[in-house]
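Following: one structure in structure tokens, then a few remarks.
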Amino acid sequence: MKRLFRTVLTALIAAAMGSCSMYDDTELRDRLDDLDGKLASLEEVVNGINSDIDALQRIIEALEAEVTIDKVETGEDGYVIYFSDGTSARISDGTDGADAPVISVAQDETDGLWYWTLAGNWLIVDGQRIKAQGIDGEDGKPGTDAVAPQVRINPDSKEWEISVDGGKSWESTGVVAEGGGGLSSTGGSCIIVGVDHESSSYNVIFTLADGTEISVPKTISVEFEIEGVSAEQTEEIIYGKSRTYNVRISGLLNHIISKPTGWKVSLSISEENNTLAITAPPKDNAYAETEGTVGFQLQSITGQMSIVTMSVRAVDYELRVLTFEDEDYKGDGKGYWTSLVDSPQYGGPLLYGESGMGPADYHWNDEGNTFLAHDMPENFGTTCYWSGGHAISNYVDMELTNGDYQHQLAVYYKDPATGFGGHGGSENFCVHFGYKDDSGFNMTENLPSIYFVDDVARVVDHMYVMWTTYLANCVSNGNGLTKPLDPDGYVKIIATGYDEEGAKVEPSLEFSLASADGQISEWTKWDLSALGKVLKIEFNMTGDSDNGYGFSQPAYFCYDDVAVRFE
């Protein structure tokens with residue numbers, strides 16, 4: 001039709017110019033351009049309406065098949081609806097346009113089925129209403145006998161036409177796509193005029209041009225978080241004893257619990273709080289499993305299924321944890337751990353004595369809890385931190401450019417929730433400094449250690465380890481004393497245990513901070529239980545960085561949450 005109009009107008013222009021060389025064709029050209037724009041706009045309207053008709057049928061099918069909406073994306077041109085069965089539908093911007101016929105759907109009160117309507121009346125073809133939902137499907141799936149109408153504008157009559165056979169035949173609606181004697185240039189759609197996906201937590205509400213509202217449930221997944229439990233850890237519970245956990249739950253409709261033989265598990269849900277109680281079997285129960293998996297099969301209120309598991313093990317000991325947090329301190333005095341944080345980090349009075357160079361009277365003791373303690377070792381005739389030791393810290397620094405000895409107590413980690421640097425978002429942790437090698441230049445006599453102050457040997461189950469900012473910077477960038485770590489280089493910690501007789505326990509354990517296989521980027525668990533029962537654990541640092549005077553990387557690492565077994 002554009003080609004026809006342009007041919008006619010071009011002929012008129014040529015004729016006019018042939019009869020008068022002074023003819024001004026500006027007005028005709030403007031009209032021609034305006035016509036092109038209106039035709040393009042009408043084409044957008046038709047495409048938008050057909051797209052909305054398809055989307056509306058998809059919405060009706062979702063209702064009947066109990067499909068939910070995963071998410072709604074909003075863009076400049078409208079919406080994209082993502083359904084839980086993996087399909088999607090696009091809806092245009094929802095504005096009326098071009099005097100288009102009002103196509104909608106309505107649910108029959110008698111048979112409960114959805115049918116297409118036109119201008120508020122049933123859409124009738126060959127004496128039959130046109131179904132908007134299929135009813136010949138199986139296993140809850142939509143049928144194939146539903147029809148999605150199509151619309152177009154007849155190029156000759158300028159009337160809106162509708163097809164219910166995939167465009168093979170068209171019937172006029174009697175509605176002219178003209179306004180005020182000319183083709184309308186209004187864009188958009190008049191099928192779905194509103195998509196509300198924010199006001200309700202449970203439904204997306206679609207408003208049609210005739211005022212009909214259709215509500216489709218959102219996909220609601222179950223949130224089920226057992227506080228203090230991570231997927232990689234095993235919960236150890238003493239034989240015959242119970243442990244209770246707080247659980248954050250939302251969106252849950254039903255659940256099924258599975259458990260190892262001989263164990264008891266109960267989930268208590270209330271408006272105030274949700275708790276999970278797990279009881280290990282008695283030790284004399286020969287038929288019970290000593291370890292296994294507790295599983296929760298969860299169904300959300302919109303039917304989504306998920307599984308959460310936790311590993312459990314029955315033990316004949318309890319774990320006590322040295323957290324370095326003031327509220328966990330069992331001894332005398334408030335703010336004990338924080339009072340041991342020195343300021344400044346280098347040269348402060350706690351770690352370097354009043355003179356700033358030692359000796360320092362610095363030690364700590366987790367009395368009444370793990371009974372772990374630390375005394376600054378004597379080296380080079382002094383007990384200040386520059387000769388080695390373990391210092392309590394709460395310093396955090398994520399700027400590698402600050403990674404120097406002036407910032408020696410800073411951890412290279414910041415919890416996104418709390419802003420603190422300790423494991424699990426806690427505030428305090430401990431920083432090791434010290435190493436001993438066989439280079440001939442290192443004169444360290446005593447390595448830093450932790451020991452049981454009550455002289456009882458116990459199993460240290462694990463601790464969590466992380467970089468200092470000083471070490472992270474030098475491994476990455478080097479400094480005046482060391483080059484960056486080679487691609488195949490390494491830095492590791494060595495833990496050596498000593499029994500009640502003072503004899504070294506073999507073998508020692510190693511923890512890799514950085515190697516060709518990668519480096520840690522967050523607090524990482526180090527299992528120390530293989531050392532067995534020890535009275536003392538001594539820590540050393542080593543690596544392949546050598547500046548000609550032995551190990552040249554900063555001999556620092558952070559540790560936190562040291563767990564000890566108590567029988």
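All values derive from a computational prediction rather than experimental measurement.
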Item to check | Minimal non-hydrogen separation, Gly424 against Asp415, with atom names | outcome: C-OD1, 4.2 Å
Next on the checklist: I'd like to know if the side chain of Asn540 and the backbone of Lys436 have a donor-acceptor N/O pair within less than 3.5 Å.
Outcome noted: yes
Checklist entry - How many angstroms lie between OG1 in Thr444 and CG in Asn379, if you round to the nearest 0.5 Å? => result 5.0 Å
Checklist entry - Yes or no on side chain to side chain contact (heavy atoms under 4.5 Å, CB included) for Asn274 and Asn246, after CA distance, side-chain angles and deciding distance? => result CA-CA 6 Å; Asn274 311 302; Asn246 290 324; over 6 Å; no
Checklist entry - Relative to the ring of Phe433, is the ring of Tyr385 parallel (under 30°), tilted (30 to 60°) or perpendicular (over 60°)? => result tilted
Listing, residues 78-89 side-chain donor-acceptor contacts under 3.5 Å, not counting sequence neighbours, or none:
unit_1: Tyr82; atom_1: OH; unit_2: Glu73; atom_2: OE1; d: 3.2
unit_1: Ser84; atom_1: OG; unit_2: Thr68; atom_2: N; d: 3.0
unit_1: Ser84; atom_1: OG; unit_2: Thr68; atom_2: O; d: 3.4
unit_1: Ser84; atom_1: OG; unit_2: Thr68; atom_2: OG1; d: 3.2
unit_1: Asp85; atom_1: OD1; unit_2: Arg58; atom_2: NH2; d: 3.0
unit_1: Asp85; atom_1: OD1; unit_2: Thr87; atom_2: N; d: 3.1
unit_1: Asp85; atom_1: OD1; unit_2: Thr87; atom_2: OG1; d: 2.7
unit_1: Asp85; atom_1: OD2; unit_2: Arg58; atom_2: NH2; d: 2.4
unit_1: Thr87; atom_1: OG1; unit_2: Arg58; atom_2: NE; d: 2.9
unit_1: Thr87; atom_1: OG1; unit_2: Arg58; atom_2: NH2; d: 2.7

Checklist entry - Do Asp326 side-chain atoms and Thr338 backbone N/O form a donor-acceptor pair below 3.5 Å? => result yes
Checklist entry - Who pairs with Asn479 by side chain to side chain contact (heavy atoms under 4.5 Å, CB included), at least two apart in sequence or on another chain? => result Tyr470, Cys474, Leu481, Thr482
Next on the checklist: Restricting to non-hydrogen atoms, name the atom on Thr370 and the atom on Phe566 that form the minimum distance, rounded to 0.1 Å.
Outcome noted: O-CZ, 3.6 Å
Item to check | Atom of His363, atom of Asp361 and distance for their closest heavy-atom approach | outcome: CD2-OD1, 3.6 Å
Next on the checklist: Measuring from atom CG of Asp560 to atom OH of Tyr464, what distance do you get when rounded to the nearest 0.5 angstrom?
Outcome noted: 10.0 Å
Checklist entry - Can you name the closest pair of heavy atoms from Ile278 and Val312 and give their distance? => result CD1-CG1, 4.4 Å
Item to check | Ring centre gap for His407 and Tyr405 strictly below 6.0 Å | outcome: no
Checklist entry - Ignoring hydrogens and geometry, is there a side-chain-to-backbone donor-acceptor pair from Ser476 to Asn473 under 3.5 Å? => result no
Checklist entry - Between Lys283 and Ile238, is there a donor-acceptor pair closer than 3.5 Å when you use the side chain of the first and the backbone of the second? => result no
Item to check | Nearest heavy-atom neighbours spanning Glu367 and Asp332 | outcome: OE2-N, 4.1 Å
Next on the checklist: Is there a side chain to side chain contact (heavy atoms under 4.5 Å, CB included) between Asp561 and His462? Walk through the geometry before answering.
Outcome noted: CA-CA 8 Å; Asp561 288 346; His462 65 267; 5.9 Å; no
Next on the checklist: Closer than 4.0 angstrom, basic N to acidic O: yes or no for Arg565 and Glu567?
Outcome noted: no
Item to check | Tyr559 and its ring-ring contact (aromatic ring centres under 6.0 Å, His included) partner, picked from His423, His432, His390 | outcome: His390
Checklist entry - Is the Tyr336-Tyr329 ring centre distance short of 6.0 angstrom? => result yes
Next on the checklist: Can you tell me how far apart OG (Ser258) and CD1 (Ile307) are? Round to the nearest 0.5 Å.
Outcome noted: 8.0 Å
Item to check | Ser200: partners by side chain to side chain contact (heavy atoms under 4.5 Å, CB included), with sequence neighbours left out | outcome: Tyr202, Asn203
Item to check | Rounded distance (nearest 0.5 Å) linking atom OG1 of Thr279 with atom NZ of Lys259 | outcome: 10.0 Å
Item to check | Residues Ser545 and Gln553: side-chain donor-acceptor under 3.5 angstrom | outcome: yes
Next on the checklist: Checking Thr261 against Glu289: is there a side-chain donor and acceptor pair closer than 3.5 Å?
Outcome noted: yes
Checklist entry - Given the rule in the side chain to side chain contact (heavy atoms under 4.5 Å, CB included) test, do Val431 and Tyr556 qualify, once you have shown the distances and angles that lead to the verdict? => result CA-CA 7 Å; Val431 180; Tyr556 294 83; 4.0 Å; yes
Next on the checklist: Checking Leu276 against Val265 for the side chain to side chain contact (heavy atoms under 4.5 Å, CB included) test, could you report, in this order, the C-alpha distance in whole Å, the side-chain angles of both residues, the deciding distance, and whether it holds?
Outcome noted: CA-CA 7 Å; Leu276 171 66; Val265 180; 3.6 Å; yes
Checklist entry - Hey, mind stepping through Trp337 and Phe324 against ring pair (Phe, Tyr, Trp, His ring centres under 6.0 Å) and telling me if it holds? => result CA-CA 6 Å; Trp337 295 111; Phe324 300 109; 5.2 Å; yes
Next on the checklist: Is it true that Asp328 and Thr323 share a donor-acceptor pair across their side chains at a distance under 3.5 Å?
Outcome noted: yes
Checklist entry - Distance only, no hydrogens: is a donor on one side chain within 3.5 Å (strictly under) of an acceptor on the other, for Tyr413 and Glu522? => result no
Item to check | Check: Ile520 main-chain N/O paired with Trp467 side-chain donor or acceptor under 3.5 Å | outcome: yes
Next on the checklist: I need the Leu485 CG to Leu471 CG distance, nearest 0.5 Å.
Outcome noted: 9.0 Å
Item to check | Under 3.5 Å donor-acceptor, Ser311 side chain and Thr293 backbone | outcome: no
Checklist entry - Say you draw a straight line from CD of Glu291 to CD1 of Ile237; how long is it, rounded to the nearest 0.5 Å? => result 12.5 Å
Item to check | Lys/Arg N to Asp/Glu carboxylate O, Asp499 vs Lys533, below 4.0 Å | outcome: no
Item to check | Donor-acceptor pair between Tyr451 and Asp375 side chains, under 3.5 angstrom | outcome: yes
Checklist entry - Which pairs count as ring pair (Phe, Tyr, Trp, His ring centres under 6.0 Å) when at least one residue sits in residues 261-316, sequence neighbours excluded? => result Phe224-Phe296
Next on the checklist: Within the 3.5 Å criterion, strictly below it, is a donor on Asp437 or Asn442 matched to an acceptor on the partner's side chain?
Outcome noted: no
Checklist entry - If you measure from the Lys or Arg side-chain nitrogens to the Asp or Glu carboxylate oxygens, is any gap between Glu227 and Arg248 under 4.0 Å? => result yes
Checklist entry - With a 4.0 Å cut-off, would you call Arg243 and Glu235 a salt bridge? => result yes
Checklist entry - Any donor-acceptor pair under 3.5 Å linking the side chain of Asp397 with the backbone of Leu400? => result no
For residues 506-514, which side-chain donor-acceptor pairs fall under 3.5 Å, sequence neighbours excluded?
unit_1: Ser508; atom_1: OG; unit_2: Thr496; atom_2: OG1; d: 2.8
unit_1: Glu510; atom_1: OE1; unit_2: Lys492; atom_2: NZ; d: 3.0
unit_1: Glu510; atom_1: OE2; unit_2: Lys492; atom_2: NZ; d: 3.4

Next on the checklist: Any side-chain to backbone donor/acceptor pair from Ser300 onto Val222? Under 3.5 Å, distance only.
Outcome noted: no
Next on the checklist: So does Asp488 get a backbone contact from the side chain of Asp486, meaning a donor-acceptor N/O pair under 3.5 Å?
Outcome noted: no
Pairs under 3.5 angstrom only: tabulate donor-acceptor contacts from the side chains of residues 345-354 to other protein residues two or more places apart or in another chain.
unit_1: Gln345; atom_1: OE1; unit_2: Gln408; atom_2: N; d: 3.4
unit_1: Gln345; atom_1: OE1; unit_2: Leu409; atom_2: N; d: 2.8
unit_1: Gln345; atom_1: OE1; unit_2: Ala410; atom_2: N; d: 3.3
unit_1: Tyr352; atom_1: OH; unit_2: Gln408; atom_2: NE2; d: 2.7

Item to check | Heavy atoms of other groups near Lys330 NZ, more than 12 under 6.0 Å | outcome: yes
Checklist outcome for this item: Closest non-hydrogen atoms of Pro448 and His374, given as atom of the first, atom of the second and distance, are CB-CE1, 4.3 Å
Checklist entry - Does the side chain of Thr469 come under 3.5 Å of the side chain of Asn402 through a donor N or O and an acceptor N or O? => result no
